[in-house]
Amino acid sequence: MNSNNPYKTPKSDVSRKPQAHSDIDGLSDEDIKKLNKFSSDINILGTFSVLCALASAYYIYEIFFNGYGDPIWPIFGLFVACATAYSAFMRPSWGRPVCMIVSLLLLPGFPIGTFLGYIGVRAALDGKRLFGDEGLTNHELGEAISKIEQQSA
């Protein structure tokens with residue numbers, strides 16, 4: 001008698017677990033905390049970009065269905081906001097210059113744009129280790145921060 005179930009789901013190794021970078025082990029506690037702050041600042045920039053994308057999409061809707069204005073600039077704004085949100089959350093190698101350029105463009109927009117532009121520029125300049133294939137993820141930084149807190153307790 002065969003004890004194997006023919007309808008059993010096959011085992012898979014598709015699940016991806018975050019791998020600990022050897023780079024994070026060589027960092028001091030202060031550097032890990034700074035990188036975690038920069039990572040949070042980049043996430044704030046990404047969240048603002050999502051809000052801008054939603055506003056642009058609504059404005060495009062109004063243009064096409066109610067006939068208000070020219071759709072070129074809102075479509076361009078939607079593209080830039082989506083590219084910035086993707087680069088802030090997924091952090092590809094090209095994401096750092098995108099975040100830097102958008103943050104510089106936000107600086108003249110006092111007071112909110114100036115604040116977001118400043119934190120974006122600072123995070124993009126000092127957070128080089130957060131972007132690209134070898135970039136540190138939020139999960140890895142969170143684990144490192146929790147280890148630091150456990151050691152200090």
Side-chain angles (χ1 to χ4, degrees), residues 9-65 69-151:
T9 306
K11 290 185 180 180
S12 174
D13 60 352
V14 181
S15 63
R16 181 181 176 272
K17 295 180 182 175
Q19 298 175 353
H21 283 70
S22 59
D23 294 345
I24 205 163
D25 295 334
L27 295 174
S28 68
D29 293 350
E30 183 177 317
D31 289 339
I32 292 172
K33 289 179 181 178
K34 283 182 183 178
L35 282 174
N36 191 37
K37 168 118 177 49
F38 295 145
S39 179
S40 297
D41 290 347
I42 291 170
N43 286 342
I44 290 171
L45 183 64
T47 303
F48 179 73
S49 297
V50 168
L51 293 175
C52 288
L54 291 173
S56 295
Y58 176 74
Y59 191 61
I60 292 168
Y61 169 80
E62 287 291 326
I63 288 171
F64 282 119
F65 290 105
D70 185 25
I72 298 298
W73 290 111
I75 290 172
F76 177 73
L78 179 64
F79 173 75
V80 170
C82 289
T84 306
Y86 180 83
S87 65
F89 291 131
M90 301 306 289
R91 301 197 184 141
S93 58
W94 54 267
R96 189 169 166 252
V98 169
C99 286
M100 175 68 74
I101 291 168
V102 170
S103 296
L104 288 172
L105 291 174
L106 284 172
L107 285 173
F110 185 78
I112 296 171
T114 304
F115 173 72
L116 291 172
Y118 172 74
I119 66 170
V121 167
R122 179 157 179 167
L125 281 176
D126 295 336
K128 294 176 186 174
R129 293 178 177 231
L130 299 174
F131 291 92
D133 292 336
E134 298 296 319
L136 298 171
T137 63
N138 286 334
H139 181 74
E140 292 167 340
L141 289 170
E143 285 181 352
I145 293 290
S146 65
K147 285 180 186 176
I148 291 170
E149 290 173 353
Q150 287 175 355
Q151 289 174 357

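As the structure is a prediction and not an experimental result, all values here were calculated from the model. Each residue takes its place number in the sequence, starting with 1.
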**Asked** Say you draw a straight line from CG of Leu54 to OG of Ser49; how long is it, rounded to the nearest 0.5 Å?
**Response** 11.0 Å
**Prompt:** If you look at every heavy atom in Ala81 and Ala53, which pair is closest and at what distance?
**Reply:** CB-N, 3.6 Å
**Message:** Between Arg91 and Ser39, does the side chain to side chain contact (heavy atoms under 4.5 Å, CB included) criterion hold? Intermediate values first, please.
**Reply:** CA-CA 10 Å; Arg91 301 197 184 141; Ser39 179; 3.1 Å; yes
**Message:** According to ring-ring contact (aromatic ring centres under 6.0 Å, His included), does anything in residues 28-63 pair up with another residue at least two apart or in another chain? List the pairs.
**Reply:** Tyr61-Phe65
**Item:** Crowding at CZ, Phe115 (>12 non-hydrogen neighbours, <6.0 Å)
**Value:** no
**Item:** Results of ring-ring contact (aromatic ring centres under 6.0 Å, His included) for Phe79 - residues two or more places apart only
**Value:** none
**Complete:** Heavy-atom nearest pair, Ala124 first then Met100, reads CB-CE, 3.9 Å
**Prompt:** Can a salt bridge be assigned to the pair Asp29 and Lys33 using a cut-off of 4.0 Å between side-chain N and carboxylate O?
**Reply:** no
**Prompt:** Would a distance-only check, ignoring hydrogens and angles, find a side-chain to backbone donor-acceptor pair under 3.5 Å from Thr114 to Leu107?
**Reply:** yes
**Heavy-atom pair with the smallest gap, counting every atom of Ser56 and Gly77** = OG-C, 3.8 Å
**Prompt:** So how far is it from Ile119 CD1 to Arg122 CZ, rounded to the nearest 0.5 Å?
**Reply:** 11.0 Å
**Message:** Can you confirm whether Trp94 is buried at CH2, in the sense that more than 12 heavy atoms of other residues, nucleotides or ligands lie under 6.0 Å from that atom?
**Reply:** yes
**Request:** Given side chain to side chain contact (heavy atoms under 4.5 Å, CB included), test Ile32 with Leu136 step by step and report yes or no.
**Result:** CA-CA 10 Å; Ile32 292 172; Leu136 298 171; over 6 Å; no
**Prompt:** Stepwise, does the side chain to side chain contact (heavy atoms under 4.5 Å, CB included) test hold for Glu143 with Ile24?
**Reply:** CA-CA 10 Å; Glu143 285 181 352; Ile24 205 163; over 6 Å; no
**Message:** Distance check, rounded to the nearest 0.5 Å: Leu116 atom CG versus Leu105 atom CG?
**Reply:** 13.0 Å
**Message:** Testing the basics here: between Arg96 and Leu125, what is the closest heavy-atom pair and its distance to 0.1 Å?
**Reply:** NH2-O, 3.5 Å
**Straight-line distance of Ile145 CD1 to Glu140 CD, nearest 0.5 Å** = 13.0 Å
**Request:** Give, for atom CD1 of Ile63 and atom CD1 of Ile75, the distance between the pair rounded to the nearest 0.5 Å.
**Result:** 7.5 Å
**Asked** How far apart are the closest heavy atoms of Ser103 and Leu45, and which atoms are they?
**Response** OG-CD2, 3.5 Å
**Minimal non-hydrogen separation, Phe64 against Pro71, with atom names** = CZ-CB, 4.0 Å
**Request:** Dump the intermediate steps for side chain to side chain contact (heavy atoms under 4.5 Å, CB included) on Leu35 and Arg129, then the final yes or no.
**Result:** CA-CA 8 Å; Leu35 282 174; Arg129 293 178 177 231; 4.1 Å; yes
**Asked** Considering only heavy atoms from C-beta outward, does the side chain of Thr47 approach that of Ile44 to under 4.5 Å?
**Response** no
**Message:** Once rounded to the nearest 0.5 Å, what's the spacing between atom CD of Glu62 and atom CD1 of Ile60?
**Reply:** 11.5 Å
**Complete:** Residues passing the side-chain hydrogen bond (donor to acceptor under 3.5 Å, both in side chains) test with Lys128, sequence neighbours excluded, are none
